[in-house]
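What follows is a set of notes on a single structure, which appears directly below.
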Amino acid sequence: MVDEARNELLFSYGTLQLERVQLTSFGRVLEGEDDAMPGYHRTLIEITDPEVLRQSGERFHPIVAPSDDPSDEVAGKVFRITATELAAADRYEVADYQRVAVRLKSGKQAWVYIKA
């Protein structure tokens, strides 16, 4: 079996950074690098999906949306993952989130889940 290439970049500012969520979603702990999303601000939403609550152990999850203040930024980690792992992240995130590509502070382009 050939290992799938880790060609996707995924930026996480919330529960996808948790080891227990990574193990459940991806079957491994991800190695990430610190980065940030300029032009976004972070708030919290209440999660009601029982499976996501079980995996994260947290009722309130962070969520980001574009900001009118260009000095706003959201800190997090960027992970190198496979297309299969990206699909697993899509299954983990609830309908309040949508996946978009953003340019990070480092200049890297990565997928991130923002407010739908």
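By convention here, the first residue in the shown sequence is residue 1.
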Qualifying side-chain hydrogen bond (donor to acceptor under 3.5 Å, both in side chains) pairs, either residue in residues 53-63, two or more places apart:
S25-Q55, E46-R59, E51-R54, E51-Q55, S56-H61
Taking the side chain as everything from C-beta on, heavy atoms only, tell me whether [X] gets closer than 4.5 Å to [Y].
X   : Y    : result
T24 : Y92  : no
P66 : Y40  : yes
L9  : R80  : yes
F79 : Q17  : yes
M37 : L104 : yes
I81 : R6   : no

Hphob cluster co-occupancy, [X] + [Y], side-chain heavy atoms under 4.5 angstrom:
X   : Y   : value
L86 : L23 : no
I63 : F60 : no
L53 : V21 : yes

Of all heavy-atom pairs between [X] and [Y], which one has the smallest distance, and what is that distance?
X    : Y    : answer
I114 : V100 : CD1-CG2, 3.8 Å
L16  : A89  : CD1-CB, 4.4 Å
A116 : A95  : CB-O, 3.6 Å
V74  : F11  : O-CZ, 3.6 Å

Go through the structure and list residues passing side-chain hydrogen bond (donor to acceptor under 3.5 Å, both in side chains) with D69, not counting sequence neighbours.
S71
Residues two or more places apart in sequence or in another chain: which of them pass salt bridge (Lys or Arg N to Asp or Glu O under 4.0 Å) with E93?
none
My understanding is that only residues two or more places apart in sequence, or in another chain, count here; which of them pass salt bridge (Lys or Arg N to Asp or Glu O under 4.0 Å) with D90?
R99
Side-chain donor/acceptor of Y13 to backbone N/O of Y113, under 3.5 Å:
yes
Pairs in or reaching into residues 21-38: which pass salt bridge (Lys or Arg N to Asp or Glu O under 4.0 Å), with residues at least two apart or in two chains?
R28-E85, E33-K108, D34-K77
At what distance, to the nearest 0.5 angstrom, does CG of D72 lie from CZ of R42?
13.0 Å
Once you round to the nearest 0.5 Å, how far does CG of D96 lie from CG of D49?
10.0 Å
Partners meeting side-chain contact (heavy atoms from CB on, under 4.5 Å) with A36 (sequence neighbours left out)
E73, K105
